[in-house]
Every structure is written in C-alpha cells, then in structure tokens.
Amino acid sequence: MGTQTNAPLPEGLEVGGYRIVRKIASGGFSIVYLADDADGQPVAVKEYLPSSLVKRGPGELVPTVSSEHLTTYRNGLKCFFEEGRALARVLHPNVVRVLNFFRANDTVYMVMAYEQGRSLQELIMRYRGKPGREVIPERHVRKIFAQVTNGLREVHANRLLHLDLKPANVYLRRDGSPMLLDFGAARQTLTLDAPKLFPMYTPGFAAPELYRRNQQLGPWTDIYGAGASMYACMIGSPPQPADQRGTHDKVDAALGAAVKQYSQQLVDIVHWCLKQNPLERPQSVFALQRALREPAHAEAPTPPPAQPAGLSRWLDALGGRRRRPIRQESTLMWPTQKASS
C-alpha cells in the first residue's frame, strides 16, 4: 500500500484557489504538492488518492473508481475530510497546521502550512551505519521527542490519535523543531470497511493491536510508535515488526547492544514503550514525558567519537544555541515503509 501508481496533477493547474507548483511527496493513499495560494504564499496540498481504489492517468483530473470500490472510496473521502476538520482545530507548534480543506475533482484536498526542512527519517539514514558511533546523540533524541510528545499530547487532548507515528512523519524544520505529519486515522477507519485494504500500517512502527481487527486503540498505540521512532534514532533501523516478535523477539538484543552508546535509562524507556501488551506500556503521553525528563540513574556510557560538526551544530538548534538552515527537502521513503496488502 506504500506505492502511488496514479498520475499527479499537472504543474500550473489551479484547484480550489491554489496553483500547483510541483509534486513533493506521494504514498499509497495520497499525493502532496507544493502550491501557491491566492497571495502567492507557498502551501502544501495533500490530495486523497488511494491507489488501490482509484485510477488516474496522465492529463486526467478526476480519478476513475470502479463500482466495487465506490462505497469504500466514498467512506474514505468522508474520513479524510473529517480528519482535516479535526486537525484544523489543533493549534500547536509541534503539529502540522491545517489551513483549509475542500472538495474538487471528485476527491478531497487538505491544505497545510509549508515549511522547509527534512524528516527525522532522512537524518537517521544519513548518519546510521558508522561503527562505534551514535546514530542520533542521546541529548538530541530526548529533545526531539520532548517536543514530539508535546504535540502528541495536544492531539490526544482533541480526541484524536496519530496511528502512523514514525521518523518519516516527524518533520524537522530549519530551526530544528519537530512537527508531526501525515496522520493515519482516516486510513485506520477504512480498515473497518474494506478487508482488501487491510493491513495499513508501517512495519516496525505499528503497535501489535494495529495488526488485528477490533482491538482497542488509544494513546498507548501512539506511544508504541514513539518508542519505535526513538529506537530507530538509536539503532539506525526500524524495530522488528510486531507480528514477528512473538516467535523470535530481536528487539531486546538490539536494545541491549545500544547501552554502549546510550544510557540504560533511555534504553529502558524505549523498551517500556515497545511492550507488546498495551497495558504494560505508558498509558498516557504524560507518563512518557515524565520518564524522559528524569535524569539518568545509570552511569553514562563511554562517549563515542564526536558526531560530524554539521549534524551537531544543526541539532543543537533544538536547544536554541545555534541555528543553521537546511538546504534541501526530504522526499526519501523508509525501505519498509508500508506492508503489502
């Protein structure tokens, strides 16, 4: 479900009062464009376009939906629209700002604030694989997720769940501050309606309850995603998919090796978030934040070789010490971004 097979809207097209500049990202459920609003200001426009349900060729504007998929597609449109309306009420610096949402071309569009930067996933992929060295230094893991969880608390306070929390959906602005992107709630709602769309999760970052139907979802589900994202910052790759951990769990061994570069306390926090039993995880974001704020009790590991200066200078912007702009956008996809249907 991670590959978008439909043609994007043509550059220069005006839709809903926005002029399409270019495509900047795509996935199995949507295409995201850079666009200009009526005042010429850049915005990001996300088009609902599930490739498993609709087809659209080059030069076409309206997707073609077969009769067998029409009910599911319309339910998805409703979910996507409702999600946009709900997100528009969330005003928090660590959550993507939804500016508008509208219907056109027999689908729905969500207009979001556009900010330059890169995803946390891109940062991990750039600095992973260096022997004896941290991927992302511990102090920065803590700072990033202190802010990510601030945004997540606001989301939960608005009776929403993210349901697709992963490094690709944590966007780091040019000043280093993180922002949550690409909520998966509408996709999860679709799973209740269309068996052929199941599963719709990201392997490694999805909690075990997302693999099974009719499971109780809650803040603990997003907390698993937060823990898996911190794990990726430390290990350099996603955790073992939850559905494989029951037979031969590799997560404990990987975290055990991480104590060479990270404190035992941070390792324990990540392990806590990744418990397969939802009742054994932190039950609220506040509980996770409190643990992240507590000082490490275990002795710190031997400091690894210094990170490249560019990474440290840029990440230190999180503490307000130094600011350095990022020169490129992230469009990279995690190697195992989506499970196949």
Side-chain angles (χ1 to χ4, degrees), residues 1-3 25 27-28 118-145 148 162-172 178 180-182 184 199-208 210-211 221-264 266-276 281 288 292 301 304-305 307-308 311 314-315 330-340:
M1 296 299 297
T3 303
R118 64 178 65 177
S119 72
L120 179 58
Q121 170 187 297
E122 182 180 351
L123 205 63
I124 292 169
M125 293 179 72
R126 180 174 180 179
Y127 290 103
R128 67 181 180 177
K130 302 187 184 330
R133 177 180 291 165
E134 308 154 305
V135 180
I136 305 295
E138 176 166 340
R139 70 183 186 277
H140 296 309
V141 174
R142 289 177 180 269
K143 288 175 182 175
I144 289 170
F145 283 91
V148 165
H162 191 289
L163 299 183
D164 198 17
L165 212 166
K166 58 187 177 183
N169 287 338
V170 176
Y171 193 73
L172 302 173
L180 285 171
L181 299 177
D182 201 13
M200 293 185 189
Y201 43 70
T202 306
F205 300 103
L210 285 171
Y211 284 73
T221 307
D222 282 340
I223 285 169
Y224 189 101
S229 298
M230 288 189 283
Y231 175 106
C233 288
M234 297 159 65
I235 307 300
S237 60
Q240 182 184 20
D243 64 334
Q244 300 175 16
R245 292 180 60 193
T247 53
H248 180 51
D249 196 336
K250 300 178 182 178
V251 170
D252 287 350
L255 286 174
V259 295
K260 296 177 181 178
Q261 284 86 33
Y262 299 91
S263 71
Q264 183 66 55
L266 182 60
V267 169
D268 289 343
I269 290 171
V270 173
H271 191 269
W272 184 26
C273 293
L274 292 178
K275 291 288 188 180
Q276 296 197 70
R281 292 178 220 143
L288 173 57
L292 284 170
Q307 287 282 347
L311 173 64
W314 183 73
L315 284 173
S330 168
T331 56
L332 295 178
M333 309 296 280
W334 201 266
T336 55
Q337 184 179 1
K338 291 290 178 185
S340 59

### Query
Taking the side chain as C-beta and beyond, is there a heavy-atom pair between Leu123 and Arg118 under 4.5 Å?
yes
### Message
Does any part of the side chain of Leu172, heavy atoms only, come nearer than 4.5 Å to the side chain of Pro178, both counted from C-beta?
### Response
yes
### Task
Decide yes or no for Gln121 and Val170: does some side-chain heavy atom of the first lie under 4.5 Å from some side-chain heavy atom of the second?
no
### Task
Mark yes or no for whether Gln261, through its side chain, and Ile235, through its backbone, hold a donor-acceptor pair below 3.5 Å.
no
### Query
Is a side-chain donor or acceptor of Asn169 paired with a backbone partner of Asp164 at a separation under 3.5 angstrom?
yes
### Message
Keeping Arg281 on the side-chain end and Lys275 on the backbone end, is there a donor-acceptor pair under 3.5 Å?
### Response
yes
### Message
Using the rule given for side-chain contact (heavy atoms from CB on, under 4.5 Å), can you reason through Met234 versus Val135, listing the C-alpha separation, both sets of side-chain angles and the distance that settles it, and then say yes or no?
### Response
CA-CA 6 Å; Met234 297 159 65; Val135 180; over 6 Å; no
### Query
When you measure from the side chain of Thr202 to the backbone N and O of Phe205, does any donor-acceptor pair fall under 3.5 Å?
no
### Query
For the side chain of His162 and the backbone of Leu181, is there at least one donor-acceptor N/O pair under 3.5 Å apart?
yes
### Summary
Looking only at heavy atoms, the pair that brings Pro238 and Pro203 closest together is CB-O, 4.4 Å
Donor-acceptor pairs under 3.5 Å, side chain of residues 223-230 to any protein atom, not counting sequence neighbours: which ones?
residue, atom, partner, partner atom, Å
Tyr224, OH, Arg245, NH1, 3.0
Ser229, OG, Gly225, O, 2.8

#### Entry: Sub-4.5 Å side-chain heavy-atom contact between Leu292 and Leu266
yes
### Query
Tell me, do Tyr171 and Leu180 make a side-chain contact under 4.5 Å, heavy atoms counted?
no
### From Leu255 atom CG to Tyr231 atom OH, the distance as rounded to the nearest 0.5 Å
6.0 Å
### Summary of salt bridge (Lys or Arg N to Asp or Glu O under 4.0 Å) pairs that have at least one residue in residues 224-236, sequence neighbours excluded
none
### Message
Are the side chains of Leu288 and Cys273 in contact, using a 4.5 Å heavy-atom criterion?
### Response
yes
### Heavy-atom pair with the smallest gap, counting every atom of Pro241 and Tyr211
CB-OH, 3.8 Å
## Note on the structure
Shortest non-hydrogen pair, Asp249 vs Val251, comes out as OD1-N, 2.9 Å
### Query
When rounded to the nearest 0.5 angstrom, what distance separates CZ in Arg139 from CD in Glu134?
8.0 Å
### Query
Salt bridge or not for Glu138 and Arg142, using N-O below 4.0 Å?
yes
### Message
With a 3.5 Å distance limit and no angle check, can you tell me whether Asp222 reaches the backbone of Leu163 through a side-chain donor-acceptor pair?
### Response
yes
#### Entry: Residues Phe145, Leu120; criterion side-chain contact (heavy atoms from CB on, under 4.5 Å); working and verdict
CA-CA 11 Å; Phe145 283 91; Leu120 179 58; 3.9 Å; yes
